Amino acid sequence: MLNSSLLHANQEFSSPIIEGNCSFHIIDNTLYLNVDKVLNNRPLGDVSGTLAVELWGLRQPYSGGEFDGVALAGAHIGEIFGQHFLGGNTFEVPFSEPPVGTWHLTLMLREWTNSGFVTRDHINFPVPYVVNWVPELVHKSQGKILNLPVDREPKLTDAEKGIMLRENAQEEKIISPTPADEEALTPKTTTGEKTEKLEPAETASIKTPTADATQAKTAPAEKSPSDTAPAKTTSTETTPASQVKPSPIGAPKKLKKVAKAKAIELVNVNSASLAELQNLKGVSTALAKEIIARRPYKETGDLLKVKGMGAKLLEKLRTSITI
């Protein structure tokens with residue numbers, strides 16, 4: 001299913017917006033989303049909060065303000081400097097099927113604030129997303145109608161499961177040698193050769209288990225992984241702010257931190273060595289020395305004061321550095 005935008009609404013105040021065409025494609029449980037441009041039209045140096053694009057299914061087309069719907073997919077974009085934009089954005093994220101019904105799909109640009117994620121811009125897609133009812137089998141019994149849902153996979157009884165287990169089980173069998181086998185194991189001699197009887201220790205035979213063998217001591221069984229103590233786990237919970245819709249991708253750990261789809265090791269510009277800074281793409285030896293000379297930095301935007309650091313280079317480095 002491929003849709004393109006027709007309805008586009010911007011906020012009246014200066015805030016990040018979506019520009020250009022947007023489209024998406026759903027294959028199984030994966031959403032492929034294309035966004036031409038995300039622009040921060042605030043003054044130069046006014047860095048946005050962490051931005052995210054989210055696809056929502058709504059009962060009615062979105063026209064701003066509060067809304068009632070289901071979050072279907074989402075992806076973090078990160079922070080954007082004022083008067084800067086991110087272009088050619090392509091996202092591949094998990095897609096959650098909405099409940100049965102007809103849903104109006106809306107792409108929302110959301111910004112992280114002290115109150116949680118707030119919608120800054122949106123695009124309504126013209127074609128609704130329809131989820132049909134699952135077929136039901138109606139069975140009449142003694143004047144009563146029973147609605148029986150149709151299972152996609154047949155259910156087996158306990159007796160049938162036991163038969164299948166017995167058929168699939170592999171049993172080890174110990175076969176005793178037959179007289180024909182013992183005769184085959186006896187060496188044959190030609191005419192004129194002396195025949196010697198082999199001792200029992202030298203003959204090859206297969207013996208069945210005896211009672212003495214069952215009395216032999218067996219080695220202690222190794223402890224199974226279930227005998228070990230379970231590792232302790234910790235969990236964190238977040239409380240959504242009042243009158244703010246929860247985001248399907250969760251809140252970022254800190255404000256003004258670039259959110260990444262995949263976890264990578266960031267380079268701390270306040271503590272990194274000269275070699276670590278030189279390994280950053282676009283950072284020369286001279287620029288790395290200037291970064292070290294002007295430490296410490298309170299935020300990544302302070303790197304613009306370093307000689308040789310431009311806004312475009314800093315924008316590329318924001319996904320690889322931290323403070």
Side-chain angles (χ1 to χ4, degrees), residues 1-11 14-56 62 71-96 105-112 117-127 129 247-250 252 256-267 280-283 300-301 303-304 309-322:
M1 178 175 63
L2 185 64
N3 291 332
S4 60
S5 62
L6 291 181
L7 302 178
H8 179 237
N10 296 334
Q11 303 293 336
S14 177
S15 65
I17 60 174
I18 300 174
E19 286 191 346
N21 295 324
C22 297
S23 63
F24 68 88
H25 193 64
I26 300 173
I27 300 178
D28 295 331
N29 295 325
T30 302
L31 173 71
Y32 300 89
L33 177 64
N34 299 309
V35 181
D36 279 357
K37 185 186 296 185
V38 178
L39 169 66
N40 182 2
N41 54 12
R42 293 170 181 164
L44 186 66
D46 189 350
V47 183
S48 71
T50 298
L51 299 175
V53 286
E54 301 173 1
L55 184 66
W56 286 76
Y62 185 62
L72 306 179
H76 275 130
I77 294 179
E79 302 167 340
I80 302 179
F81 280 95
Q83 299 302 310
H84 285 72
F85 70 89
L86 292 178
N89 303 284
T90 301
F91 307 96
E92 180 180 347
V93 293
F95 175 78
S96 300
L105 300 183
T106 301
L107 179 67
M108 298 188 181
L109 177 63
R110 311 258 277 168
E111 182 180 17
W112 177 257
F117 275 104
V118 177
T119 303
R120 296 304 191 195
D121 196 8
H122 71 276
I123 290 178
N124 288 321
F125 292 99
V127 180
Y129 190 86
S247 170
I249 56 177
K256 297 188 178 182
K257 292 290 182 180
V258 179
K260 301 296 292 181
K262 295 182 179 179
I264 60 174
E265 185 176 356
L266 301 180
V267 176
L280 294 174
K281 187 176 181 180
V283 177
T300 55
L303 290 171
L304 290 173
M309 177 66 71
K312 291 184 178 180
L313 177 57
L314 179 58
E315 190 68 21
K316 293 179 180 179
L317 294 176
R318 292 184 66 83
T319 59
S320 303
I321 62 175
T322 185

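Everything numeric in this text was worked out from a predicted model, so none of it was measured. Any value given below was found using the heavy atoms of this structure, including those in side chains, with hydrogens, waters and symmetry copies removed.
When every heavy atom of Ser15 is checked against every heavy atom of Arg42, the shortest pair comes out as CA-NE, 3.9 Å. Smallest separation of non-hydrogen atoms from Asp46 and Asn40: O-ND2, 3.1 Å. The minimum heavy-atom distance between Arg110 and Glu54, with the atom names listed, is NE-OE1, 3.1 Å. Nearest heavy atoms, Gly78 versus Ser48: O-OG, 4.4 Å. His84 and Leu39 get closest at one heavy-atom pair: O-CD1, 3.3 Å.
Inter-residue side-chain proximity for Leu303 and Ile321 is flagged as met; some heavy-atom pair is nearer than 4.5 Å. Using a 4.5 Å heavy-atom threshold, the side chains of Pro16 and Ile80 count as separate. At least one side-chain heavy atom of Arg318 sits less than 4.5 Å from a side-chain heavy atom of Phe81. Between Lys281 and Ser320 there is no side-chain heavy-atom pair separated by less than 4.5 Å. Using a 4.5 Å heavy-atom threshold, the side chains of Phe95 and Leu72 count as touching. Considering only heavy atoms from C-beta on, Ile26 comes within 4.5 Å of Tyr129 through its side chain. Between Leu280 and Val267, the closest side-chain pair of non-hydrogen atoms falls below 4.5 Å. Proximity of Leu33 to Val93: side-chain heavy atoms (C-beta onward) are nowhere separated by under 4.5 Å.
For residues 24-35, the set of pairs meeting the salt bridge (charged side-chain N to carboxylate O under 4.0 Å, His left out) definition, not counting sequence neighbours, is empty. Under the salt bridge (charged side-chain N to carboxylate O under 4.0 Å, His left out) criterion, the residue pairs touching residues 31-40 are Glu19-Lys37, with sequence neighbours excluded.
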Notebook entry, point to check: Should Val35 and Leu109 be marked as a side-chain contact (heavy atoms from CB on, under 4.5 Å) after you check the CA-CA gap, both sets of side-chain angles, and the distance that decides it?
Noted result: CA-CA 11 Å; Val35 181; Leu109 177 63; over 6 Å; no

Checklist line | Steps toward side-chain contact (heavy atoms from CB on, under 4.5 Å) verdict (Met108, Tyr62) | finding: CA-CA 10 Å; Met108 298 188 181; Tyr62 185 62; 4.0 Å; yes

Margin query: With side-chain contact (heavy atoms from CB on, under 4.5 Å) as the criterion, how do Val53 and Asn89 come out once you've worked through the C-alpha distance, each side chain's angles and the decisive distance to 0.1 Å?
Written below: CA-CA 10 Å; Val53 286; Asn89 303 284; over 6 Å; no

Notebook entry, point to check: How far apart are the C-alpha atoms of Leu31 and Phe91, what are their side-chain angles, what is the distance that settles it, and do they pass the side-chain contact (heavy atoms from CB on, under 4.5 Å) test?
Noted result: CA-CA 8 Å; Leu31 173 71; Phe91 307 96; over 6 Å; no

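Residues passing the side chain to side chain contact (heavy atoms under 4.5 Å, CB included) test with Glu92, sequence neighbours excluded: Thr30, Tyr32. Under the rule for a side chain to side chain contact (heavy atoms under 4.5 Å, CB included), the partners of Leu313 that lie at least two apart in sequence or sit in another chain are Leu287, Met309, Leu317. Partners of Ser96 by side chain to side chain contact (heavy atoms under 4.5 Å, CB included), not counting sequence neighbours: none found. Partners of Lys316 by salt bridge (Lys or Arg N to Asp or Glu O under 4.0 Å), not counting sequence neighbours: none found.
Expressed to the nearest 0.5 Å, how far CD1 of Ile17 lies from CG of Asn41 amounts to 5.0 Å.
Each of Trp56, Phe125, Phe24 was evaluated against Leu107; a single residue qualifies, Phe125, per the side chain to side chain contact (heavy atoms under 4.5 Å, CB included) test.
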